[in-house]
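Treat the numbers as computed from the prediction; the structure is a model and nothing was measured.
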Amino acid sequence: MAASLHPTPALQEDQPSQAASRPGGAGLSLEARLAAVEAAMTVRLDEAAVAHEVRTAHLATTPVNLTEVVRVPLTPTSPAAPPPTYTTPVAALLERAHRRMETDGWCAGAMTDKTGAVCLIGAIRKEARGDRALETDAASLVLDAIRRRFGDDTDSVPAFNDAHGSGHIPARMLGEAASLADAKSL
């Protein structure tokens, strides 16, 4: 008889049992099984990395000069202010005051502190640029927005500003007052 080119598969009795050959054999703890699986995966990944290197060794590559690709400005630039949302004078003033409070920071107990942070009235005053009538209209609208949201117990804008521990709510009230001014066409 001629020998076959294809070997015949071994019989079931000749093959070791699958449970004994698995890393998760009967007597191993979970940690030991996980370590065995990790070792097996590491071997497979190493083999795959070598196979990839062999398959791609013939490909010619040229290094990329990153100085030609990455270009950054030499001096940092601040982001441009977004365009104004509101066109009415009081609403535009309140929007600018809101931006000022976000950029300069918030303070309590003074219109402006030594670091340049501002309170509600301080932000409005700086953005009104000396127009006292516009400043007064904006401040009364802020008080109106505060009373709509928190009730009539608030006596004044400075009292509301100083009653908070952070500038999140006062800044939000400037935004709401700007929206209210726009709705009233002020």
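Both Met111 and Phe160 belong to a common hydrophobic cluster when Ile, Leu, Val, Met, Phe, Trp and Tyr are linked at side-chain heavy-atom distances under 4.5 angstrom. Hydrophobic clustering of Ile, Leu, Val, Met, Phe, Trp and Tyr side chains at less than 4.5 Å, counting indirect connections, unites Leu134 with Ile124.
Taking both residues in full, the closest heavy atoms of Ser166 and Pro170 are given as O-CD, 3.5 Å, listed atom of the first, atom of the second, then distance. Annotation for Ala97 and Ala123: closest pair O-CB, 3.6 Å, computed over non-hydrogen atoms. Scanning both residues, Asn161 and Cys119, for their nearest heavy atoms gives ND2-CB, 3.2 Å.
Side-chain contact between Leu30 and Leu34: present, with at least one pair of heavy atoms (C-beta onward) separated by less than 4.5 Å. Side-chain atoms of Arg132 and Arg125, non-hydrogen and from C-beta on, do get closer than 4.5 Å to each other.
Crowding of Arg129 atom CZ: a count of heavy atoms from other residues, nucleotides or ligands under 6.0 Å exceeding 12. Atom CD of Glu38 sits in a sparse spot, with 12 or fewer heavy atoms from other residues, nucleotides or ligands closer than 6.0 Å.
Separating the OG1 atom in Thr87 from the CG atom in Asp182 is a distance of 6.5 Å, to the nearest 0.5 Å. Atoms CZ and CG, on Arg96 and Leu174 in that order, are 12.0 Å from each other to the nearest 0.5 Å. Note: Leu120 CG to Leu94 CG = 10.0 Å, rounded to the nearest 0.5 Å. Atom CG of Leu93 sits about 10.0 Å away from atom CG of Leu141, to the nearest 0.5 Å. Separation of atoms CG (Asp144) and CZ (Arg149) is listed at 13.0 Å; rounding is to 0.5 Å.
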Verdict with supporting geometry, Asp155 and Arg147, salt bridge (Lys or Arg N to Asp or Glu O under 4.0 Å): CA-CA 9 Å; Asp155 294 330; Arg147 287 181 175 162; 5.6 Å; no
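His52 pairs in a side chain to side chain contact (heavy atoms under 4.5 Å, CB included) with only one of the listed residues (Val50, Thr56, Val54), which is Thr56.
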